[in-house]
Participant: 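Got a structure here, written out as structure tokens. Questions coming.
The sequence lines fix the lettering, A, B, ..., with proteins before strands; numbering per chain opens at 1.
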Amino acid sequence: MPAGELTRYFYDKRVREIFWQVALLAGLAGTIVVVVRNASQNMVNAGMASGFDFLWRTSGIDVPFVLTNYTPDSNILALLWVGVANTLVITFVAAIAATLLGFVIGVARLSANKLLSGLAGAYIEFVRNIPLLFFVLFWYFGVIAALPGPRQSIGLFAVAFLNNRGLTIPVPTDGTAFRIAALVVLVGFIAQAAIAIWAKRRRDATGAIFPVWATGLALFLGVPAVAFGIASVVSAWDVPALRGFNFRGGFVLVPEFVALFAALATYTAGFIAEIVRGGIQSVVKGQWEAAYALGLRPNRALSLVVIPQAMRVMIPPLTSQYLNVLKNSSFGAAIAFPELVSVFVGSALTNTGQAIEIIAITLAIYLALGLAVSAFMNWYNARTRLVTR
Amino acid sequence: MTAASTLGVRPVRASLLRRLKADYFSTPLNAVVSVLCLAAIVAILVPLVRWSVINADFAGTTRADCTSGGACWVFVKARFGQFMYGFYPPSERWRVNLAACLMIGATALSFWPGLPRRALAVPVLWAGLLVVAAWLLAGGAGLPRVETRQWGGLMLTVFLSVYAGALAVPLGILLALGRQSELPVIRLVATIFIEFWRGVPIITVIFLASLLLPLVMPAGWDIDRLIRALVGLAFVIAAYMAEAVRGGLQAVPKGQWEAASAQGLGYWQTTGLIVLPQALRISMPAMTNEFIALVKNTSLVSIVSIFDLLGIAQASLADPAWVGMNMEAYAFAGTVYWLICFGLSRWSRHLETSRKTTH
């Protein structure tokens, strides 16, 4: 091969592109081979077991906060499920509380009353500039531990009691009515989604506007309120009562749960408040004026022009905040709240010693939950991004 | 519309009382809100000031000196050395102070407008600083060795933030470029790397690094456990930095690439000379925010028994000579974190506004 042809190859863009990609793949493959060989060598030397058989072994671990039918006699797979369930529950309740608190503070931040907006601003700056771990420890060791004992509990409407052993709440003795209510609410949500799609099609085709907001309000707030209201009236309740030195009956939300919930909700609310403020402020005044100039009434301008644009700004960071709540629920490990990291990477790993498998499973669970949200966000980002040439 | 304003006559400046009324008591609802806010401020500030200043004890050396019932700052005073330096030997603490001074100097120099050949000078300056500071802190080559086990407190928080940040910024820039690359394999690898580290909690990454890194090393190699945590933190932050840089890259108009190609510049020349300088200036506030998140997340190393500022404050509560100092320890650690992060976030906001005026 003459030298000229070689240099031509070297300067060919396609050849170089393929070369770099092959080089990257080769480098990665080489790293993986070395890592796997080292790991298996080290594991043989240390006499460590491998494989996923340990999942079916009896766990023998006592967990203080269980929502499934797990007992210490169950296997480790059941223990894993306890962790996942607790992670999902704390994420769900903390995300809802953070959203409510965050919207209130975010709107307060925009208030014309300088006292209110200043107070909201101070809250946001306070919460955002301190580590979440600080708040988790503070709520657990500083607040909950300092609460009075069961006999001097702080009563909430005489049905729930807060003390240094946690929050004791009443539970229905039979959950059937609540399951039916939840089903009714779910049907309502699906109906609302169907109405929204139908109304948009009709609007695009004929221009006629259907009051989607009214049915939405009814189906999202009215139906759940009525359904759960009826359920709570017809159900029998197990109300906690003081017997001797502690409460009998009801369900105890352990102090770890209360502390983690309070920390996650108040911390995340500071971030959501900023997102809400930014979203509302991002819609320039000209958009309102332009909408009026086209003859839209104020509520139409809001729902057709301003809200879609504010949501475009708010939805991606909001989604990422919910993702953060999911990931930050792992801070429970710092105060031994039995969520996924605490029971699995903590207790199960100590018992079995199978670090690689346990960490791989834990990461896979977080990734499966998180990647779903990431994929949605990227799709949304691509769909709503302003496209240039 | 009043008569005065329609006639174009400017009204005289309203009196303070009238302005107060207009701002805070214009409607019944506004008045209620104002009163409630005022009550909330009083309810928070009065007990806080009473506890932390009026009823607090400042003088003394032991717990017995705290008699007023308020905050016992004597505790923080007695523990101050530990909160700052951990268990770093007191005779060697000048090395930490010197390293901190060098770092402040390097930061100031990086933002000095008269710095010649900034694009080259800043990375070289920081690389040199990191080597010198690591030598000062760890010792060896003439200085007595100080094991990382003895490091702790604020010094460790700053160490982890600076070194993880310094690893994460170049890695993040490469990842962001990889994710925007036209080559499918490179794009795929960069995307998987970024989404993997962004998708998992930092606590699990710190466990991963401290449990699995020694396992994948050749037999007989031992990595310092502080370095393990540092690598774990750096990978996660690199993924977040990459997304911050990507935002900047996306904001550089395509025409910039096309114009550079038309001038005959290759990929690395276009990237290094045309696109990155613009993209980094745009992403600077976002990158600062990621750095703030990093400073806060360094507190998680206490999970694997490395005692940073928060970890050492928590550990100090177990001292039987100082029982019940929870609030004092938390107040001190929280204030230090707050001052650092608030300062950084103000600076990030300043960057954002100063960028707007240059365009």
Side-chain angles (χ1 to χ4, degrees), chain A residues 17-18 20-22 24-25 28 34-36 38-39 41-43 45-46 48 111-116 118-119 125-126 128-134 137-138 141-142 145-146 323 326-331 333-334 340-341 345 349 355-356 359 362-363 366-367 369-371 373-374 385 388-389, chain B residues 23-24 26 30 33-34 36-38 40-41 182-186 189 195-196 198-205 207-208 211-212 214-219 221 250 253-255 292 295-300 302-303 310-311 313-314 317 326-327 330 333-334 337-345:
Chain A
E17 285 180 359
I18 291 172
W20 283 119
Q21 302 191 55
V22 170
L24 178 69
L25 281 183
L28 278 180
V34 170
V35 159
V36 170
N38 284 342
Q41 187 62 46
N42 286 333
M43 283 168 71
N45 290 350
M48 284 164 73
S111 165
N113 188 322
K114 292 232 176 59
L115 276 176
L116 185 59
L119 213 54
E125 292 295 354
F126 173 69
R128 285 168 59 102
N129 289 313
I130 294 180
L132 174 58
L133 186 63
F134 171 88
L137 295 176
F138 177 78
F141 293 103
L323 202 54
L326 172 71
K327 288 186 283 177
N328 287 342
S329 67
S330 62
F331 279 64
L340 179 54
V341 172
V345 184
L349 201 154
I356 294 181
I359 289 183
T362 312
L363 293 182
Y366 278 111
L367 280 177
L369 295 167
L371 278 181
V373 182
S374 258
R385 194 174 55 207
T388 59
R389 186 170 53 96
Chain B
D23 286 352
Y24 301 111
S26 54
N30 200 5
V33 168
S34 299
L36 282 179
C37 287
L38 216 57
I41 292 170
E182 285 167 4
L183 311 183
V185 174
I186 292 179
V189 170
E195 293 300 346
F196 177 82
R198 269 161 45 94
V200 295
I202 297 190
I203 289 188
T204 57
V205 176
F207 274 122
L208 173 87
L211 291 171
L212 297 193
L215 208 56
V216 301
M217 284 288 141
W221 285 37
Q250 281 182 346
K254 246 183 172 175
I292 296 173
V295 173
K296 294 195 287 175
N297 281 327
T298 53
S299 60
L300 288 174
S302 57
I303 295 275
L310 187 55
Q314 181 68 33
L317 301 182
N326 295 21
M327 284 302 163
Y330 289 134
Y337 275 111
W338 191 83
L339 287 174
I340 294 173
C341 297
F342 184 72
L344 283 169
S345 78

Participant: What part of A:L115 is in contact with chain B, defined as an atom under 4.5 angstrom from a non-hydrogen atom: side chain, backbone, both or neither?
Facilitator: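 Both the backbone and the side chain of A:L115 come within 4.5 Å of chain B.
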Participant: Given that the side chain runs from C-beta out, which part of B:V189 has a heavy atom under 4.5 Å from chain A: side chain, backbone, both or neither?
Facilitator: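 Side chain only.
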Participant: As an exercise: rank A:I130, A:L116, A:L28, A:L340 by heavy-atom pairs under 4.5 Å with chain B and give me the winner.
Facilitator: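 Ranked by heavy-atom pairs under 4.5 Å with chain B, first place is A:I130.
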Participant: Picking from B:L38, B:V185, B:L208, which has the most non-hydrogen pairs under 4.5 angstrom with chain A?
Facilitator: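 Most heavy-atom pairs under 4.5 Å with chain A: B:V185.
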Participant: Is B:S345 in contact with chain A via its backbone, its side chain, both, or neither, using a 4.5 Å heavy-atom distance?
Facilitator: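 When you check distances to chain A, only side chain atoms of B:S345 fall under 4.5 Å.
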Participant: Quick check on B:L310 against chain A: is it the side chain, the backbone, both or neither that has a heavy atom closer than 4.5 Å?
Facilitator: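 Just its side chain gets close to chain A.
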Participant: Please round to the nearest 0.5 Å and tell me the distance separating atom NZ of B:K296 and atom CG of A:L133.
Facilitator: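 Between B:K296 NZ and A:L133 CG, I get 12.0 Å after rounding to 0.5 Å.
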Participant: Which residue out of B:L183, B:I203, B:N326 racks up the most heavy-atom pairs below 4.5 Å with chain A?
Facilitator: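 Ranked by heavy-atom pairs under 4.5 Å with chain A, first place is B:L183.
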Participant: Non-hydrogen atoms of chain A under 4.5 Å away: do they reach the side chain of B:P253, the backbone, both or neither?
Facilitator: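 Neither part.
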Participant: With a 4.5 angstrom heavy-atom cut-off, which part of B:A40 approaches chain A: side chain, backbone, both or neither?
Facilitator: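 When you check distances to chain A, only side chain atoms of B:A40 fall under 4.5 Å.
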Participant: Check step by step if side chain to side chain contact (heavy atoms under 4.5 Å, CB included) holds for A:V341 and B:F207.
Facilitator: CA-CA 10 Å; A:V341 172; B:F207 274 122; 3.9 Å; yes
Participant: Counting only non-hydrogen atoms closer than 4.5 Å, does B:S302 touch chain A with its backbone (N, CA, C, O), its side chain (CB onward), both, or neither?
Facilitator: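 B:S302 touches chain A through side-chain heavy atoms alone.
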Participant: Looking at A:K327 and B:R198, what are the two nearest heavy atoms and their distance?
Facilitator: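 For A:K327 and B:R198, the tightest heavy-atom pair comes out as NZ-O, 2.6 Å.
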Participant: Between A:L363 and chain B, which part of the residue has a heavy atom less than 4.5 Å away: side chain, backbone, both or neither?
Facilitator: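 Looking at A:L363, backbone and side chain both touch chain B.
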Participant: Measure A:I18 against the heavy atoms of chain B and call it side chain, backbone, both or neither at under 4.5 Å.
Facilitator: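 Neither; nothing under 4.5 Å.
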Participant: Check for a donor-acceptor pair, side chain of B:N30 on one end and backbone N or O of A:N113 on the other, with a separation under 3.5 Å.
Facilitator: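 Side chain of B:N30 to backbone of A:N113, a donor-acceptor pair under 3.5 Å: no, none is there.
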Participant: For A:L326, is it the side chain, the backbone, both, or neither that has a heavy atom closer than 4.5 Å to a heavy atom of chain B?
Facilitator: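 Contact with chain B is absent: no heavy atom of A:L326 under 4.5 Å.
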Participant: Given heavy-atom pairs under 4.5 angstrom as the criterion, report whether the side chain, backbone, both or neither of B:M327 touches chain A.
Facilitator: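 When you check distances to chain A, only side chain atoms of B:M327 fall under 4.5 Å.
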Participant: Side chains of B:P201 and A:Y366, heavy atoms from C-beta outward: is any pair under 4.5 Å?
Facilitator: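 Heavy-atom side-chain distance check passes, below 4.5 Å.
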Participant: Less than 4.5 Å to any heavy atom of chain A: does that hold for the side chain of B:I303, its backbone, both, or neither?
Facilitator: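 Looking at B:I303, just its side chain touches chain A.
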Participant: Top residue by heavy-atom pair count (under 4.5 Å) with chain A, among B:T204, B:T298, B:V295?
Facilitator: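 Top count of heavy-atom pairs under 4.5 Å with chain A: B:T204.
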Participant: Quick one: what part of A:Q41 sits under 4.5 Å from any heavy atom of chain B, side chain, backbone, both or neither?
Facilitator: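 For A:Q41, no heavy atom lies under 4.5 Å from chain B.
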Participant: How long is the straight-line distance from CG of A:L25 back to CD1 of B:I186, given to the nearest 0.5 Å?
Facilitator: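 Here the rounded value is 9.0 Å.
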Participant: Identify the residue among B:L215, B:V216, B:L211 that makes a side-chain contact (heavy atoms from CB on, under 4.5 Å) with A:I356.
Facilitator: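 The single option meeting the side-chain contact (heavy atoms from CB on, under 4.5 Å) with A:I356 is B:L215.
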Participant: When only pairs under 4.5 Å are counted, which of B:Y337, B:F196, B:F342, B:Y330 shares the most heavy-atom pairs with chain A?
Facilitator: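 Maximum pair count with chain A is reached by B:Y330.
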Participant: When heavy-atom pairs shorter than 4.5 Å are enumerated against chain B, which of A:L24, A:L119, A:T362, A:L137 gives the highest number?
Facilitator: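 Of the candidates given, the most pairs with chain B belong to A:L137.
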Participant: Using non-hydrogen atoms only, which part of B:L212 is less than 4.5 Å away from chain A: side chain, backbone, both, or neither?
Facilitator: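 Contact with chain A: side chain only.
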